[in-house]
Amino acid sequence: MSSSIRVRFAPSPTGPLHIGGLRTALFNYLFAKKHNGKFILRIEDTDQNRFVEGAENYIIQSLEWIGLTIDEGPTKGGAFGPYRQSERKNIYKKYAEQLIKEGKAYYAFDTPEELDGHRKDHEEKGKTFIYNWHNREKLTNSISLTKEEVDNKLTTGTPYVIRFKSPEKQELTLQDEIRGEIKIDTSTLDDKVLFKNDGLPTYHLANIVDDHLMEITHVIRGEEWLPSLALHHLLYDAFGWKKPSFSHLPLILKPTGKGKLSKRDGEKGGFPVFPLSWKDSKGYKESGYFPESVVNFLAFLGWNPGTEQEMFSLQELTQAFKLDRVNKSGARFDPDKTKWYNQQWLQRKPNAELTSEFFELLKENKSLTKIPSLAYTESVVNLIKERAVFVSDFWELSDYFFKAPEEFSEKARKKHWKENTASLMQLALAILNSTEPFSSKVIEENIKNWITKDELSFGKVMPPLRLAIVGDLKGPHLFDIIEMIGKEESLKRLQIAIECL
Ligand code: GLU
């Protein structure tokens, strides 16, 4: 049964979605789904100067990739559309005018040059220029000018903006679900522009009007919007509208824990900060992360279930998520942990799925003279996946399953290839040759029997045998490898090692 809970993710299409933005989307989604509510995508594109071509599409694809299906939005439709603010242009002006009529907002005619001048004057005196109660009567606006002057300016087309008249000396008590009560003195607020000269609303007006018209019940957004909360609170009161509940999510911090995570941190630390690639920045998807891992690590940036459980699917998160378990303090981003999640998710993936991804890489691999069968590849994947973080690690972990080593580890050779090793390997070769059936178990039995019978040590036989077959001392159970590559190939590799080493 659906509930009346409605949340929105309201990005501005000013560039690619940062993982912080994606986390905001995720928390909104989880909250909505937990309460059988609706998850809405609204594109806040009223700032034409910052509009970036392709960004909206990028946002939609990123949400789709990690599985956050929207209930309403620009590409989906819904009863509260349109969901792009640029297509709602005509809605906002009347709300700004309503506030003017009620004396809660005013026209301001100050030119950008005049405002710059005021700012400079203040700076020179070591002060900051704030357009509000203490100076608005000295500036050029419908409060300081006479009615005739204002009408005259409006009819002659003098450029103007509409500013909100922030009250003087009121103590506001703001509510935030995560932070609790926040007290603020309205005297510190400036008279924010609600409506711009280009005929479009600013973020503040459009955001409040749309949240109201779209019947948003819970606003869940990043901490960077906390300073706007007082104004939003005042705007709701000015319109006489019921406020939604507000939650401001903690910042995502640099791996050092100091300061906000930025694109530069990703470049420096060699990790993605965007879900999908954007221009020359590689995304999580293209770096080989599974959407499940991204969802899982994002959830833990600022939230925890209060138990030891770390692995959560989107479905499980939907059950477990609670806003009151979101932290106030910043969440340190740990690139190693994101890899850990990917490794964990990789182990949970069906072998068939991993195999088909790996198979695509094998088909492109120029060093292979023949493409292995899918079944063989799957058996290899099963043996090596434990150590892999990404599917792209598979080749390095398994190349010797597909071709004979081209070189032998010098370090291993020095340590394990002794004077009598070649003759021991000759004997091992004979044993392998006569082993039937050529299965890991039988090969192991035969080799071990021989070692015991001849009173040899395992240390003298096993490392060089591995070196001959694999080229190094790495890899899973050696007898599994030998079975997999088969008798003929094993004998060939041993023979080459005896000759070369
Ligand atoms: N358009 C704002 C953004 O880009 C939305 C902030 C909010 O959710 O109120 O994040």
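One-based numbering, in listed order, for ligands and for the atoms of each. Given the structure is predicted, the values throughout are model-derived calculations rather than measurements. Worth knowing before you read on, the calculation uses all heavy atoms, side chains too, and leaves out hydrogens, waters and symmetry mates.
Formation of a donor-acceptor pair under 3.5 Å by the Ser12 side chain with backbone atoms of Glu44 is found in this model.
Shortest contact from atom 2 (C) of ligand 1 to any protein heavy atom: Ala10 O, 3.3 Å. The protein heavy atom nearest to atom 8 (O) of ligand 1 is Arg8 NH1, 2.6 Å.
When each atom of ligand 1 is checked for a heavy atom of Glu44 under 4.0 Å away, the hits are 1 (N), 2 (C), 5 (C). Within ligand 1, the atoms closer than 4.0 Å to a non-hydrogen atom of Asn207 are 7 (C), 9 (O), numbered from 1 in the order shown. Taking every heavy atom of Tyr203 and a limit of under 4.0 angstrom, the matching atoms of ligand 1 come to 2 (C), 5 (C), 6 (C), 7 (C), 9 (O).
Using a 4.0 angstrom heavy-atom cutoff, Glu224 does not count as in contact with ligand 1.
On a distance-only criterion, Val219 and ligand 1 share no N/O pair closer than 3.5 Å.
In this view, Asp176 and Arg179 satisfy the salt bridge (charged side-chain N to carboxylate O under 4.0 Å, His left out) rule, not counting sequence neighbours. The side chain to side chain donor-acceptor pair (under 3.5 Å) search around Tyr203 returns Arg221, not counting sequence neighbours.
The OG atom of Ser228 sits 4.5 Å away from atom NE2 of His204, with the distance rounded to the nearest 0.5 Å.
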| Glu114/Thr140 under side-chain contact (heavy atoms from CB on, under 4.5 Å): CA gap, chis, key distance, verdict | CA-CA 10 Å; Glu114 284 165 356; Thr140 319; 4.1 Å; yes
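Aromatic ring pairs are classed by plane angle as parallel below 30°, tilted from 30° to 60° and perpendicular above 60°; the pair Tyr236 and Trp241 is perpendicular.
No part of Thr24 comes within 4.0 Å of ligand 1, judged by heavy-atom distances.
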